[in-house]
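Comments concern the structure below.
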Amino acid sequence: LPGVESAALTNMLPLSGSFDRSGIGAQDKPLDNPELAPYADRYTVTPDFFSAMRIPILRGRSFADAEVRDTAARVLLISDALARRIWPGEDALGKMIKIGGPQRPWWRVIGVVANVRHTGLDDAAAMQVYTPERQWWWAETAMTLVVRTKTDPASMVATVREAVRQVDPLQPISRAMTMAGVVSGSTAQRRLGLVLFVAFGRVALLLATAGV
């Protein structure tokens, strides 16, 4: 749409209160006690999520189109905090990790991104993993559509609503709110863009003009 810089899907939105955390195991760093494995917030995203949310890629790259297909080899990005936790003083690119139990498949790290304060701006930065939406092993019950606009996001609400209806005329949009509302629900310390909550099941549509 004119006026839109980027758009993406994610299963979680930072500072929104959503929560999905899994244990992480590294192929080259086996643990005697798997219960001591670090835990990370699991984001299931489409490739433009990092540009839409202004999350810098510190090393490596985001997903290529060929890598987000169901049949492609599993690849992911991880946060800098997770890279430093598992591989201190080493390069995490190319490393293999598992998300969840030992029966799960291996994922190859192709990028390291800046840390995100998922639970609150006054909390320590948590660790994250970012997997392609179509490579995750089950369909998400809720997704958030993130849209970054070039102009006042409030002026784009009706246009984005119509774009959603063109994809699915029966798709309801449950509510609209500013990103400032999301932030204030956590710490009320920052003011960012605009959010529309759109039900794909229960899905949120986020129009953001500033990063988290």
Side-chain angles (χ1 to χ4, degrees), residues 1-18 43-58 60-70 72 75-77 79 110-111 113-118 121 128 130-136 139-186 188-212:
L1 296 173
V4 170
E5 287 188 16
S6 54
L9 290 168
T10 176
N11 68 321
M12 295 199 298
L13 183 66
L15 305 177
S16 67
S18 54
Y43 284 77
T44 297
V45 301
T46 52
D48 284 342
F49 176 74
F50 306 104
S51 61
M53 294 298 291
R54 292 296 190 265
I55 300 175
I57 297 178
L58 306 178
R61 58 180 176 80
S62 184
F63 310 115
D65 290 341
E67 292 172 327
V68 298
R69 299 170 184 162
D70 311 54
V75 293
L76 49 61
L77 286 83
S79 66
I110 63 169
V113 303
N115 302 322
V116 169
R117 298 182 186 276
H118 181 75
L121 294 178
Q128 289 92 29
Y130 299 87
T131 65
E133 181 268 332
R134 290 189 59 182
Q135 288 191 352
W136 193 244
E140 299 289 348
T141 57
M143 294 291 283
T144 301
L145 175 59
V146 184
V147 180
R148 175 171 290 274
T149 65
K150 298 177 181 178
T151 58
D152 176 15
S155 67
M156 296 292 297
V157 174
T159 304
V160 175
R161 284 178 182 266
E162 181 57 30
V164 173
R165 292 191 181 99
Q166 289 178 12
V167 175
D168 183 356
L170 301 180
Q171 178 60 62
I173 298 174
S174 59
R175 60 176 172 146
M177 62 184 297
T178 64
M179 185 61 187
V182 175
V183 176
S184 65
S186 173
Q189 293 179 354
R190 294 180 63 186
R191 187 171 185 269
L192 308 174
L194 172 73
V195 169
L196 286 175
F197 286 89
V198 183
F200 293 149
R202 293 177 179 173
V203 179
L205 168 61
L206 168 68
L207 282 73
T209 55
V212 174

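Reckoned from all heavy atoms, side chains included, excluding hydrogens, waters and symmetry mates.
- Every residue meeting the side chain to side chain contact (heavy atoms under 4.5 Å, CB included) condition with Gln166, not counting sequence neighbours, appears here in chain and number order: Glu162.
- Minimum interatomic distance between Leu1 and Ala163 (heavy atoms only, all atoms of both residues): CD1-CB, 3.9 Å.
- Looking at Val147 and Met156, their side chains never come closer than 4.5 Å, going by heavy atoms from C-beta outward.
- If you take CZ on Phe50 and OG1 on Thr10, they are separated by 9.0 Å, rounding to the nearest 0.5 Å.
- Not counting sequence neighbours, the partners of Arg61 by the side-chain hydrogen bond (donor to acceptor under 3.5 Å, both in side chains) test are Glu67.
- In terms of heavy atoms, Ser6 sits closest to Ala52 at OG-CA, 3.2 Å.
- Judged by distance alone, the side chain of Ser62 and the main-chain N or O of Pro47 form a donor-acceptor pair under 3.5 Å.
- Across all non-hydrogen atoms, the minimal contact from Met53 to Arg148 is C-NH2, 3.9 Å.
- Of all non-hydrogen atoms in Ile57 and Gly60, the two that sit nearest each other are CG2-O, 3.8 Å.
- Two residues are said to be in side-chain contact when any heavy atoms from C-beta on lie closer than 4.5 Å; Leu77 and Gln128 fail this criterion.
- Here CZ of Arg134 is found 13.5 Å from CZ of Phe63. Values are rounded to the nearest 0.5 Å.
- Checked by atom type and distance alone, the side chain of Thr46 pairs as donor or acceptor with a backbone atom of Leu9 at under 3.5 Å.
- Of the residues Thr44, Val75, Leu76, Ile55, the one that meets the side chain to side chain contact (heavy atoms under 4.5 Å, CB included) test with Tyr130 is Ile55.
- The shortest heavy-atom contact between Asp152 and Thr149 is C-OG1, 4.3 Å.
- Under the side-chain hydrogen bond (donor to acceptor under 3.5 Å, both in side chains) criterion, Tyr43 pairs with His118, sequence neighbours left out.
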